[in-house]
Structure formats: C-alpha cells, structure tokens
Amino acid sequence: MNERRPCILLYNPISGHGHLDSWNCLFVGILVERGYDVLCLTPNSTRLESYLAEKGLAASGRAQILPWDIPGQPQDQRTRWQKLGDSYISQRPESIPAARMSWLEQIKRNLLCVAFRGARLARGALRRSRHEVRRALHRVKVVLGMPDESGYLCPGDMARRVSAAMPEARVRPDFLFIMYMDMFKTCIRDWHPLANLVGLPWGGIRFAPRAMKGGKPTEEYYGLPGLRGMCLLDEAACRRHQDALPAKVFQFLPDITYSSLPEREPKLVAELRARAAGRAVVFLGGSLDSRKNLADFSRLARMADPTRWFFALVGRVYRDTLSDEDKRELEALAAHDAGNVLLHMDFLDDERDFNAMMHASDILFAVYKGFPYSSNMLSKAAHLRRPILVSDRYLMGELVRRYGIGLVVPEDDPTAALTALEELQARPVPEEAYASYCNDFSAQSLGDALEQFFRLCLRRYQ
C-alpha cells in the first residue's frame, strides 16, 4: 500500500520578478507530478496557471490556488476612516454643518473636523519623526554591521493571509513551505503570529543565508519550535547550519532553473541578432544591482574589438544599490558609440523571452562582485549550452571549475575577462560538461531533495 504524501501549502510572497515566479512554478509542478496535494498562495496566479496548463498538470486536481486577498482585512476599516477624514478636512458638502441641522449635529461635525485636522497634523509629524529615527537607526546598523530590515516583509501579514485562506482549502495542509525566506524579517517576535494563527509545522528556502557569528546562524527565527528546517542552495552552508542546529533539518537543493524558450522569437531577440550582425554576443542580465559588477562589464564592452564582439545588458537597474564607479561606468557605456552595445534597462515580462536572449548570445557574463551565493545563471548556461564567465571566488567559481561549463576570472580585471572570452571562443565547452551539470542540477534531483526534506521534517517531530 502506498504511503500518503503530505499536503504542502506553498506560500509565494512575490510575483512579477522573472525567475522568482518560475521557482514557484517549478516547485508546484514537481510536487504535483510526484503525487502531492499542493495548496498555492501567490499574489498573481496567472503565471502559475499558465505553467500548470503547459505541463498538463491543471486537470490533475492536486494543485489548488487559494485566494490571495483577505476579506474584511483591517486595512479596509482604516481606509474608510481615511476617506471620512478626507471628507471633513476638504470641507466636502456631506461634512459641512448646515443651518437646518440640529445644534447637536452641527457641534458633532465641527468637532470631527477639528479632530481629523489635528490627527492629520499629528500623523504628519509622527511620520517625519519616524523617518528621522529610521535614518538614525540605519546609520547605527551600518556602523555596527547589523542588517537593516526596515523594508523586509512582515510574517504577520503572511500568517493572516494563510489563516483567511484555510477555509477554502479542499485538503488540510500538513506543512507550510515558504518561498524566499530572504525577504522576511528575522526577529523572532515578528514570527509569533504564524504559530498563533496558523499552527502548522513550517520551513522554507533561503537563497542567501547570513554569515554565522560564533558558529551559530544569526536569523532569530531558527529558535522557533514550529520551524522544522530550511532548504539552502549551498552544500557547505547546509553542513555548517546542520552542525550548529542539529535539531533542525537543513536540506541542500540543487539550484535548477526554468529554461524553456518561447514559441516565437521575441522582438528584442530579433533586434539583438540584427544589431550583432554575426559578432559574438556577450550577455549580462537580471536584476542589475551592485553585485552584478556593472563597472567591469562596461569596461569590457568598451575595450573589446567592436568588429568582433557585441554586448547585451538586459534587466532593471537598481541605482540606489550601485557604487559611484558602477554609475560612472554605466553612463560611459550608454554614451559608447562604437555600435556594439544593446541596452534594455528593464525586466522582460516572460522569462522565456529572457532565456531566448541568452540562447541568442554566445557567452554569459556573470562575474559577480562579492557574491558568495548560488545563482541559477549556471543552470541556464548549462541547459542552454552557453559557456559562462564567473568570478574565481566563492560558490559559483567552485562549480564552474568542477563541471567545466565556463571559465573563472578575477572580479576586478576586465583585461583577464577579455582574454577569457577569446579562450571560450577558441575552445568551446564540451557537451559532456553541460550534460554532467544538467544531470546533477535537474528537476529529478530537486524533487528527490524536496521529498527528503518533507519526510525528515515531519518524521522527526511525529
């Protein structure tokens, strides 16, 4: 008799950011294919619905997309009060005392007008003081080396959303799995609503675990009894975390990717091919922040022979994260008039279009700066059979050396990068190197790892 697979409630806190939606789709698809019932909470279900239909999984009945919006949310009451306040502050007809009204009603409306105006002034002063306090705290945290979590997601909102969606679930979930734990606050008190409102055993995936202090993880939520374990994309980090917290489950997940191509060639790909006109294309894409080493990519594009090399930079630029050097070099690249650069400074709506841009390129540039984590660009490179250039440090450099799917160079040496480009052109990556990487970083290996994670998390506490 087959053992019943647990029902997994998968919470995806973000949508509309390329491969983040794709990871959510991959996890849901893999679990459904393996016979799990999956409840899905995601801000925008369109991409997930399309993916399930594409894979022929929509009719299985095992995946249920739960409503994201919370009916009767407290914000609704606050919104009503704000509208009422606007009415009195703006002296709209419905709030102005009229002579025909009783003196009691006139007094009430006058008092409400004074109260709302006073409340708005106080709220403005409070907002300004909070802003100054946040700025001061940010400066202190920078000096002390502490993470600033002011812009992180609140777990309490997730807890209320999960609790409100549960009555709609066809199957009672056994485990809550949270995508992108990196986006949530780590203070333990912020996570108490999850235990109080939901009460499910839970875990998730963290893409970039913080550095340990004194041999212990610094994320406070690891102290919660309901947290059974965490999935990481770095085997060495998994071992360190498991040694530090033996009562929890730390599972290595292979960093796989969505590598499908669109049925029709996107316009941007056609433009790339036309403008490159047979020259070798070097591609850098994704979220273009300080880690992406825009300065060196810009220098590389300007120093390369424009009759032989073409450079494509595709993605949304987060200028507030860039160094002055990055900004200066990016401006120089935009002004470069050698005719060997394509700039598209925003996300592509469909990740398949992003994949098509890489497939139309010859070499992928991923010489990230100070980036010790995993990147699914390695899986994209292997599945699309495109050599990749990475930093000679950290995990990405280690994996490229191990599998031979590209070359490694120093993070701040565009001359070495240009030499590596020439070498990759002269000596292509052998097919067996790509095949070996794809075998180890596959949907099969990810599914096996996820099954082991759920089995250990639930068995250990039964």
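Heads up: numbering here begins at 1 and tracks the sequence. Computed from a predicted structure; not experimentally measured.
Judged by distance alone, the side chains of T42 and S45 never bring a donor and an acceptor atom under 3.5 Å apart. If you check the side chains of D448 and Q444, you find a donor sitting under 3.5 Å from an acceptor. Between the side chains of Y258 and N355, no donor-acceptor pair is found at a separation under 3.5 Å. Between the side chains of S287 and D289, not a single donor N or O lies within less than 3.5 Å of an accepting N or O. Using a 3.5 Å distance cut-off with no hydrogens or angles, the side chains of N439 and S436 do not pair a donor with an acceptor. The closest side-chain donor-acceptor pair between T186 and E220, if any, does not fall under 3.5 angstrom. Between the side chains of T218 and K213, no donor N or O sits under 3.5 Å from an acceptor N or O.
Counting all heavy atoms, side chain and backbone alike, M396 lies closest to S375 at SD-CB, 3.7 Å. Heavy atoms only, all atoms of each residue included: S379 and I256 are closest at OG-CA, 3.6 Å.
By the 30° and 60° cut-offs, the orientation of the rings of F27 relative to F177 is tilted. In this pair, F441 and Y437 present their aromatic rings parallel. The plane angle is below 30°, not in the 30 to 60° band. A perpendicular orientation is assigned to the rings of Y222 and H241, their planes being inclined by more than 60° (bins at 30° and 60°).
Taking the charged nitrogens against the carboxylate oxygens, R5 and E451 do have a contact shorter than 4.0 Å, which makes a salt bridge. Remark: R206 engages E219 in a salt bridge, criterion side-chain N to carboxylate O under 4.0 Å. Between E331 and K327 there is no salt bridge, since no side-chain N of the basic residue sits under 4.0 Å from a carboxylate O of the acidic one. A salt bridge between K292 and E329 is absent, with no side-chain N of the basic residue lying under 4.0 Å from a carboxylate O of the acidic one. Remark: R160 engages D157 in a salt bridge, criterion side-chain N to carboxylate O under 4.0 Å. Between D37 and R62, at least one side-chain nitrogen of the basic residue sits less than 4.0 Å from a carboxylate oxygen of the acidic one, meeting the salt-bridge criterion.
Ring centers of F453 and F252: at least 6.0 Å apart, outside the cut-off. Checked against the 6.0 Å centroid criterion, the rings of F175 and F454 qualify as a close aromatic pair. Checked against the 6.0 Å centroid threshold, F184 and Y152 do not count as a close aromatic pair.
Between L268 and D353, the closest side-chain pair of non-hydrogen atoms is not below 4.5 Å. Looking at M345 and L288, their side chains come closer than 4.5 Å, going by heavy atoms from C-beta outward. Using a 4.5 Å heavy-atom threshold, the side chains of L39 and C7 count as touching. Side chains of N293 and D412 form no contact here, defined as non-hydrogen atoms less than 4.5 Å apart. Counting heavy atoms from C-beta outward, Y180 and N12 have side chains that approach closer than 4.5 Å. Taking 4.5 Å as the limit, every side-chain heavy atom of V408 sits out of range of all side-chain heavy atoms of S391. Taking 4.5 Å as the limit, some side-chain heavy atom of L9 sits within range of a side-chain heavy atom of L176.
Relative to the ring axis of W202, R228 does not place its NZ or CZ within 45° and under 6.0 Å from the centre. Both the sub-6.0 Å distance and the 45° axial angle are not jointly satisfied by R291 relative to the ring of Y394.
Of the inter-residue distances, the one linking Q242 atom CD with R239 atom CZ reads 11.5 Å to the nearest 0.5 angstrom. Atoms CZ and CD, from R385 and E431 in turn, are 4.0 Å apart once rounded to the nearest 0.5 Å.
Heavy atoms of other residues, nucleotides or ligands lying less than 6.0 angstrom from CZ of R34 number more than 12.
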task = Take K185 and D190 through the test salt bridge (Lys or Arg N to Asp or Glu O under 4.0 Å) and record every step on the way to the result.
result = CA-CA 7 Å; K185 295 180 178 181; D190 290 318; 5.2 Å; no

